[in-house]
Amino acid sequence: MVLGSASPARLRVLRAAGLDPRVIVSDVDEDAVLDTLHGAPPAEVVVALAGAKADAVVATILASDDHAIDTVVLTCDSMLLFDGELSGKPHTVDVARAQWRRMRGRSAELLTGHRVSRIRDSRVVGTAQASAATTIRFADIDDATVDAYAATGEPLAVAGAFTLDGLGGWFVEAIDGDPSSVIGIGLPTVRLLLADVGVDVTSLWR
Ligand SMILES: Nc1nc2c(ncn2[C@@H]2O[C@H](COP(=O)(O)OP(=O)(O)OP(=O)(O)O)[C@@H](O)[C@H]2O)c(=O)[nH]1
């Protein structure tokens, strides 16, 4: 399997779940793709972004001269849907603090889009895609805690400015949905997408 993602968290989830994928990072300009998706439903946005990453990684694989490839490429994209707005990574401390001041004490949905692309005999023989949504309830933390968390830098590089499995875990009171899709790759969703392209996930276990 090929994981088309630079996300260390996605790789960690797959390895803990028995896979040892090769990593090929796509160089997709996500903002450029987002510009073509104004008005699209949020679930379609994250699936479209995962698809754009897949197209780039598949092109890289097909450009190689290894024609005996029989593999599956998995790509994802995660964003937070809060008050009707999709947001990705904050990138700066100020944006992370503002995000937390708005969402503390409230709930939001972490959406993850997935694309599975099966390659055999140097061509794509099957694709499947789907999104997963998990509701997150955030603790009502005070300004000093928000500032301390933002200052760690952790929330800057993750969708929605929080992690479930890191420092952010102190501030996630409850979730309703698949926990792995919050971290960045929904295992139950991917299991069904792999089946759609004729791959039994148990055959991929190390
Ligand atoms: N560890 C952890 N990471 C999270 C969590 N929520 C979101 N993320 C990460 O936030 C990032 C979302 O940004 P994306 O644009 O989907 O992915 P990326 O990190 O840019 O990597 P690419 O797949 O190469 O685009 C991913 O790396 C997710 O793994 C979480 O709860 N825990």
Side-chain angles (χ1 to χ4, degrees), residues 1-17 19 21-35 37 42-61 72-82 86-92 95-96 99-100 103 107-117 129-139 149-150 152-187 189-190 193:
M1 168 180 269
V2 171
L3 174 62
S5 175
S7 168
R10 290 192 174 115
L11 183 56
R12 189 166 59 244
V13 167
L14 288 180
R15 282 186 170 152
L19 274 58
R22 180 178 158 210
V23 172
I24 299 178
V25 179
S26 75
D27 52 2
V28 166
D29 176 348
E30 295 185 38
D31 290 336
V33 177
L34 278 171
D35 285 345
L37 293 164
E44 282 184 28
V45 171
V46 292
V47 168
L49 283 164
K53 296 176 191 180
D55 294 344
V57 172
V58 166
T60 300
I61 293 172
V72 176
V73 178
L74 172 57
T75 50
C76 305
D77 190 78
S78 299
M79 297 186 83
L80 187 75
L81 180 61
F82 176 62
L86 271 178
S87 57
K89 306 173 193 172
H91 296 300
T92 68
V95 172
Q99 172 90 29
W100 267 97
M103 71 188 188
S107 294
E109 270 197 319
L110 197 290
L111 304 181
T112 295
H114 308 76
R115 166 77 72 85
V116 164
S117 311
Q129 58 189 26
S131 63
T134 301
T135 302
I136 316 287
R137 192 174 79 230
F138 297 106
Y149 182 42
T152 68
E154 181 190 87
L156 277 56
V158 291
F162 79 98
T163 64
L164 191 59
D165 55 327
L167 293 172
W170 294 101
F171 317 122
V172 174
E173 291 183 331
I175 71 168
D176 179 8
D178 164 24
S180 57
S181 75
V182 178
I183 297 171
I185 196 161
L187 295 174
T189 299
V190 172
L193 295 180

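Everything numeric here is computed off the predicted structure, so don't read it as measured data. Counting convention: from 1, in listed order, for ligands and their atoms alike.
Put simply, part of Ser78 is less than 4.0 Å from ligand 1, judged by heavy atoms.
In the model, Thr135 has no side-chain atom that pairs as donor or acceptor with a side-chain atom of Ser107 under 3.5 Å.
Note: an N/O pair closer than 3.5 Å links Val182 and ligand 1 by distance alone. Annotation: Thr163 places no N or O atom under 3.5 Å from an N or O atom of ligand 1; distance criterion only. Of the N or O atoms in Ala6, one or more lie within a sub-3.5 Å distance of an N or O in ligand 1. Taking only nitrogen or oxygen atoms, main chain and side chain alike, Gly4 does not reach within less than 3.5 Å of ligand 1. In terms of polar-atom proximity, Val25 is not counted as a contact of ligand 1, lacking any N or O under 3.5 Å from an N or O of the ligand.
Each of the following atoms of ligand 1 lies closer than 4.0 Å to a heavy atom of Leu164: 30 (C), 31 (O), 32 (N). For ligand 1, the atoms sitting less than 4.0 Å from at least one non-hydrogen atom of Ala9 are 1 (N), 2 (C), 3 (N), 29 (O), numbered in the order shown with element in parentheses. Those atoms of ligand 1 that come under 4.0 Å of a heavy atom in Glu30, given as number and element, are 15 (O), 20 (O), 25 (O). When each atom of ligand 1 is checked for a heavy atom of Asp77 under 4.0 Å away, the hits are 14 (P), 15 (O), 16 (O). Close approach to Lys53 involves these atoms of ligand 1, each under 4.0 Å from a residue heavy atom: 14 (P), 15 (O), 16 (O), 17 (O), 22 (P), 23 (O), 25 (O). The contact set between ligand 1 and Arg12, taken as ligand atoms under 4.0 Å from a residue heavy atom, comprises 1 (N).
With Ser180 contributing its side chain and Leu187 its backbone, the two residues share a donor-acceptor pair below 3.5 Å. Judged by distance alone, the side chain of Thr112 and the main-chain N or O of Ser78 form no donor-acceptor pair under 3.5 Å. A donor-acceptor pair under 3.5 Å links the side-chain atoms of Thr75 to the main chain of Ala50, judged by distance alone.
When non-hydrogen atoms are compared, ligand 1 lies under 4.0 Å from the backbone of Ser5 as well as from its side chain.
The only option from Val158, Leu80, Ile183 that meets the side chain to side chain contact (heavy atoms under 4.5 Å, CB included) definition with Leu110 turns out to be Leu80. Remark: of the listed residues Phe171, Phe82, Phe138, Phe138 is the sole one forming a ring pair (Phe, Tyr, Trp, His ring centres under 6.0 Å) with Phe162.
Scanning the protein heavy atoms around atom 26 (C) of ligand 1, the nearest turns out to be Ser7 OG, 3.7 Å. Atom 2 (C) of ligand 1 has its closest protein heavy atom at Asp165 OD1, 3.3 Å.
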